[in-house]
Amino acid sequence: MIEILGKLSMTLAPTTLAAESQPTYSWWFRNYGATENATHSDAIFMNIWWISIGWFVFLMALMVYFVIRYRRRPGVPAPYSPSHNTTLEIAWTIFPCLFLVYMFLAGFHGYIEKMVAPGDSIEMNLTAKKWDWTITYPNGASSPERTVVGAAAKTQIGDATPGARPIPIFYVPGDTPIKFNMVSQDVMHSFWVPDFRVKMDIFPNRYTTYWFEAKGPDEKSMTLKDSTGKDVLTAQGQKVHYNDHYIFCAEYCGDQHSEMWGIIRVVPRAFYASKIEEWNIEGKTPEEIGKLVYQSQGCSACHTVDGAKGAAPTWKDLFGNTVPTNVGPVLADENYIREAIYTPAAKIHEGYPSNMPVFTTAQIDERRMQGLIAYMKSISSKAPKSDAAAPAADTKDASKK
Amino acid sequence: MTTLDSSKAGHHGDHGHHGGSYLTPKGGWLTTVIDWATTVDHKKIGVMYLVAVLFMFFLGGVAALVVRTELMTPVRTVEVQATDPATGKAMVDADGKPVMKSEIRGQWLGEMKAKIDGQELTSIDGGNNWYNRAFTLHGAIMVFMVIIPSIPASLGNFLIPLMLGAKDVAFPRLNLLSWYVYVTGSIFAVCSIVIGGVDTGWTFYTPYSTTTDAEYANVVLMVLGAFILGFSSILTGLNFVVTVHKLRAPGMGWFDMPLFIWAMYSTSIIQVLATPVIGITLLLLIFERMFKIGIFDPALGGDPVLYQHFFWFYSHPVVYVMILPAFGVISEIIPVHGHKKIFGYRAVAFASLGVALVSFLVWGHHMFASSGELAATVFSALTFLVAIPTAVKVFNWIATLYKSSIALTTPMWYALMFLFLFSIGGLTGLPLGTLATDLHLHDSYYVVAHFHYVMMGGTIITFVGGLHHWWPKMFGRMYNQFWANIGAFTVFIGFNVTFFTQFFLGTQGMPRRYASYIDDYQIYHQISTVGSYLLLVGFLIHLFVFLHSLVAGRKAPANPWGGLTLEWEATSPPDEHNFHHEPMVKHGPYDFETTVPPHWDPKDYPLPALPKHAH
């Protein structure tokens with residue numbers, strides 16, 4: 001059955017028909033699809049659009065003509081006509097079916113294209129939580145880069161500033177099939193990259209997958225700049241081109257649903273490889289690891305490190321101080337922090353809602369946990385300071401306790 | 001010329017000995033109030049439903065305007081230099097560097113909330129929270145309290161016995177009970193709003209709905225409200241099914257029934273069969289929330305996809321509970337105001353039943369993006385199947401216009417507007433049934449625009465059109481057609497401006513239920529918001545036209561449009577017991593070629609002359 005469907009749909013496969021060169025294409029889409037599947041999908045959409053236009057204009061023209069031609073005039077009888085015609089009625093039942101069969105088959109074909117990842121895809125893990133995304137690369141690294149679009153860095157996407165906080169940037173290699181295994185840590189979310197024309201829901205109790213093969217950046221793409229505005233150069237001294245694509249959460253998930261964004265940044269494969277190596281935690285001090293985890297696991301979405309008010313308690317001067325909770329005041333020591341990350345519902349900080357997502361030991365292993373604690377100590381005035389003159393050495397000592 | 005013997009009681013005739021119309025007060029105001037509150041008269045219950053539904057429509061409309069107004073501007077957090085509140089000067093720190101603070105722009109709901117709370121706006125959460133409550137309120141009210149009961153409970157209650165030639169529905173007391181159940185359910189929902197509102201979206205998707213605002217009762221109240229409203233639907237549906245089966249006037253076979261009755265009959269079957277599913281689902285949701293019984297929440301061992309299956313197993317058929325009555329109304333307005341027999345009566349009648357049957361098999365198309373299973377293929381195919389009977393109906397209506405005699409009255413304008421809007425609604429559904437394109441469009445503004453074209457452009461437009469069609473019958477007064485037409489055109493333009501732009505928003509990537517967005521979308525949102533204000537103006541014009549009609553409208557003749565169905569044989573407004581004599585049906589509901597409409601008076605309304613071969 002499925003094979004027959006597959007063969008049938010192949011014969012009707014969306015010839016790309018240069019969807020983007022059609023008139024009215026630009027009404028519907030801001031930019032050409034960033035993957036080949038997106039282009040196919042747009043071609044199907046445009047075909048349905050023209051079919052719909054045809055039907056709509058035909059029906060409305062008839063309606064308007066009849067209304068004018070047969071409007072009521074005083075004393076003029078209606079020129080009656082039969083109220084039944086079996087041939088006509090059967091014909092207009094069957095004829096539209098032909099169009100529907102095309103749409104079904106083309107849709108089926110495109111669906112399989114969008115759903116079934118090629119076997120040689122690079123697999124990455126994506127976790128969603130209120131209201132952030134984390135992608136873990138094959139080497140275990142996560143992207144710590146974030147941007148307040150518009151304020152911090154002008155990106156190709158434009159200067160729109162989303163909500164209150166920086167959104168994550170995920171580097172992926174261009175012209176390479178990539179497959180995400182996705183899971184949620186709290187409620188349902190949905191991963192949508194409009195430029196890829198695919199979305200897929202994310203559940204807390206099962207994995208769903210999402211794959212794409214983004215067209216790589218070319219000479220016309222933007223060049224990557226660092227925070228001071230200077231070009232980022234590869235080891236060979238070349239400029240780095242990139243394409244940015246928005247990620248939106250498409251399944252309603254609460255207060256900051258409309259700020260649960262992200263950016264997929266498509267870069268050349270070599271640059272991607274150097275990036276994820278840079279973010280690898282091997283060979284870093286606990287404090288550095290903690291800072292990477294803070295940025296890459298989305299802690300920064302709610303917790304600030306400069307004392308500013310966020311959706312959750314700030315980490316500035318948290319460690320070593322007494323915290324008011326629903327079970328009474330608690331000293332924020334190593335064990336409190338560990339508990340607050342692995343079983344956040346145990347003690348709730350007063351004045352904040354109980355919506356911290358649960359992390360597992362797989363997401364934050366012992367090394368990363370120690371790193372986080374070291375990082376919190378480094379930004380707290382109450383943390384033990386054995387040697388104030390050598391803060392780096394200090395945090396290393398502290399984490400060994 | 002008429003073949004109906006009851007036609008001798010013309011509206012000019014003296015019928016004072018019948019006790020007057022159902023609207024005649026029984027005594028003082030207290031007696032009248034008690035009389036209405038305890039009435040089992042289907043007409044009064046229909047009018048009470050009408051008032052209740054219109055009130056809820058007003059509430060839901062206000063929520064919609066709040067949503068649209070918030071979306072005029074995207075929410076932005078910007079870094080600005082702080083000013084000293086004492087001196088009003090820009091602040092600098094000890095080193096002379098400017099002190100920065102973040103400021104939230106473009107969130108008037110947040111600013112309002114901050115003003116009410118007497119606090120500074122420091123986070124976007126407060127405003128977003130209000131926004132989420134506003135769109136949930138809009139959705140829940142419009143679906144459960146307006147569109148589902150709109151045509152069936154108000155026009156249906158009023159018209160079904162009249163069209164069947166009966167004195168009342170089969171179970172008049174049950175009918176009154178269902179109104180009270182509706183009001184009770186609505187009160188629960190309003191209470192939930194008053195104590196803080198619900199931010200779950202009208203679909204109550206788990207596990208969000210079972211965990212949000214955990215310490216408050218809002219969600220439970222709202223869900224309980226929807227649960228109670230379900231019983232109102234079931235009771236009304238049951239009542240109508242029995243009424244149609246048992247109370248048809250002598251001489252009225254199944255295929256002599258007006259198509260409005262066919263549509264209501266199909267609707268009622270869906271209501272009786274599907275509503276228990278949502279009832280039990282909502283109850284399970286409440287159990288999970290209150291007693292932590294794991295059904296849908298993975299944290300308790302449940303499965304959120306199960307909820308989606310349960311929810312849409314009801315909520316897809318219910319889409320047809322919303323639209324089938326509209327089909328029924330259009331099938332009345334077009335023949336009457338076109339003065340021509342409907343084309344393909346049986347096809348239209350069976351299409352209603354066909355739609356009702358297939359509607360139970362397509363719920364999965366709301367979940368194409370849920371898990372990417374092959375079952376989606378089956379649901380896609382079945383979804384295209386349901387398009388056929390719907391398309392056939394549109395063809396029939398347009399074919400009815402052929403060689404008719406079209407009077408461009410307000411109801412007819414509404415019917416034409418319906419054909420326009422519903423065609424757009426139907427055709428834009430095609431890329432949603434197509435699997436590949438749905439993965440892009442699902443949960444985007446494209447879907448929002450599509451279902452507003454069907455639900456509002458289909459059902460609400462038809463509801464207002466039907467109200468104009470039967471208003472003279474219901475209240476015995478004509479209305480100012482000029483201003484009613486102005487109102488209709490304003491609604492039409494406002495509607496298209498509001499919702500057509502949203503198609504483009506959706507394909508370009510705007511997700512639904514967003515309080516904010518990227519800058520590229522702003523112009524579309526602004527056009528859409530202006531359109532929604534135009535819609536408000538249109539509905540206000542209608543409101544004034546109706547109020548003016550009640551106070552100063554010309555007295556309506558019994559049959560102002562020249563209809564042939566039985567309700568036009570009763571006086572306007574009908575007597576308490578509908579008919580003076582039990583009507584005998586001797587002609588079909590649309591036999592305009594051979595029958596002179598009852599009570600026809602050329603002074604009331606000019607009708608085209610009958611063709612020569614009429615007898």
Side-chain angles (χ1 to χ4, degrees), chain A residues 27-30 41 44-45 48 52 55-56 59-60 62-63 66-67 70-72 74-81 83-84 89 92-93 96 100 103-104 107-108 110-111 114-115 158 160-161 163-164 187-188 190 194 197-201 203-205 208 248 250 252-253 255-258 309, chain B residues 75-77 122 124-125 128-129 201 207-208 298 303-304 339-341 343-344 347 369-372 377 380-381 384 387-388 391-392 395 398 401-407 419 423 427 430-431 434-437 439-440 442-443 504 507-509 511 513-516 518-519 593 606 608-609 611:
Chain A
W27 299 2
W28 292 106
F29 299 102
R30 291 165 66 234
S41 164
I44 300 175
F45 182 89
I48 299 176
S52 305
W55 277 97
F56 184 73
L59 290 174
M60 289 305 110
L62 273 184
M63 181 180 93
F66 290 161
V67 168
Y70 303 113
R71 71 187 180 280
R72 187 171 296 182
V76 180
Y80 289 109
S81 65
S83 63
H84 180 59
E89 287 177 60
W92 75 28
T93 309
L100 298 181
M103 286 173 213
F104 169 72
F108 174 77
Y111 185 67
K114 284 179 172 179
M115 298 307 304
T161 314
V187 298
M188 287 190 290
S190 185
R197 313 279 193 261
V198 191
K199 67 172 62 69
M200 185 48 64
D201 289 357
F203 297 98
N205 64 332
T208 47
F248 295 135
Y252 174 70
C253 58
D255 284 353
Q256 293 184 25
H257 168 54
S258 41
K309 189 178 173 342
Chain B
V75 183
R76 295 287 178 263
T77 308
T122 52
I124 57 166
D125 286 13
N128 279 7
N129 203 295
Y208 188 80
D303 182 4
H339 206 70
K340 177 167 178 259
K341 188 169 186 169
F343 189 90
S370 281
S371 41
T377 318
S380 170
F384 283 121
I388 297 288
V392 165
F395 301 154
I398 290 183
L401 295 175
Y402 176 64
K403 290 198 172 178
S404 60
S405 168
I406 296 164
L419 287 176
S423 298
L427 290 166
L430 295 172
T434 306
L435 285 167
T437 40
L439 285 182
H440 177 54
H442 177 78
D443 267 338
F504 301 126
T507 48
Q508 300 195 2
R513 296 170 172 174
Y514 262 31
S516 184
I518 58 174
D519 287 352
E593 289 177 54

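Note that the structure is predicted; figures quoted are calculated from it, not measured.
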Do other residues, nucleotides or ligands put more than 12 heavy atoms under 6.0 Å from A:Phe56 CZ? yes
In terms of ring plane angle, is the pair B:Phe504 and A:Trp27 parallel, tilted or perpendicular, where the classes change at 30° and 60°? perpendicular
Does the plane of the ring in B:Tyr514 sit parallel, tilted or perpendicular to the ring in A:Phe248? Use 30° and 60° as the thresholds.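 Aromatic pair B:Tyr514/A:Phe248 classed perpendicular.
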If I measure from the heavy atoms of chain B, does A:Leu100 come under 4.5 Å with its side chain, its backbone, both, or neither?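 The answer is both parts of A:Leu100.
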For A:Met60, is it the side chain, the backbone, both or neither that has a heavy atom under 4.5 Å from a heavy atom of chain B? side chain
When heavy-atom pairs shorter than 4.5 Å are enumerated against chain B, which of A:Val67, A:Leu62, A:Thr208 gives the highest number?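 Option with the top pair count is A:Val67.
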Using only heavy-atom distances, determine whether the side chains of A:Asp255 and B:Asn129 contain a donor-acceptor pair under 3.5 Å.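 B:Asn129 and A:Asp255 do have a side-chain donor-acceptor pair below 3.5 Å.
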Is there a side-chain contact between B:Thr434 and A:Tyr111, using heavy atoms and a 4.5 Å cut-off? no
Of B:Pro304, B:Gly201, B:Ala391, the largest count of non-hydrogen pairs under 4.5 angstrom with chain A goes to B:Pro304
The criterion is salt bridge (charged side-chain N to carboxylate O under 4.0 Å, His left out); which residues satisfy it with B:Asp303, sequence neighbours excluded?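 Per chain and number, B:Asp303 pairs via salt bridge (charged side-chain N to carboxylate O under 4.0 Å, His left out) with A:Arg206.
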Decide yes or no on side-chain contact (heavy atoms from CB on, under 4.5 Å) for A:Leu59 and B:Phe395, but give the supporting numbers first. CA-CA 8 Å; A:Leu59 290 174; B:Phe395 301 154; 3.8 Å; yes
If we ignore hydrogens and angles and just use 3.5 Å, is the side chain of A:Lys199 paired with the main-chain N or O of B:Ala369 as donor and acceptor?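 Looks like no, no N/O pair under 3.5 Å.
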Hey, what do you get for CD (A:Gln256) to CG (B:Asp125), rounding to the nearest 0.5 Å? 4.5 Å
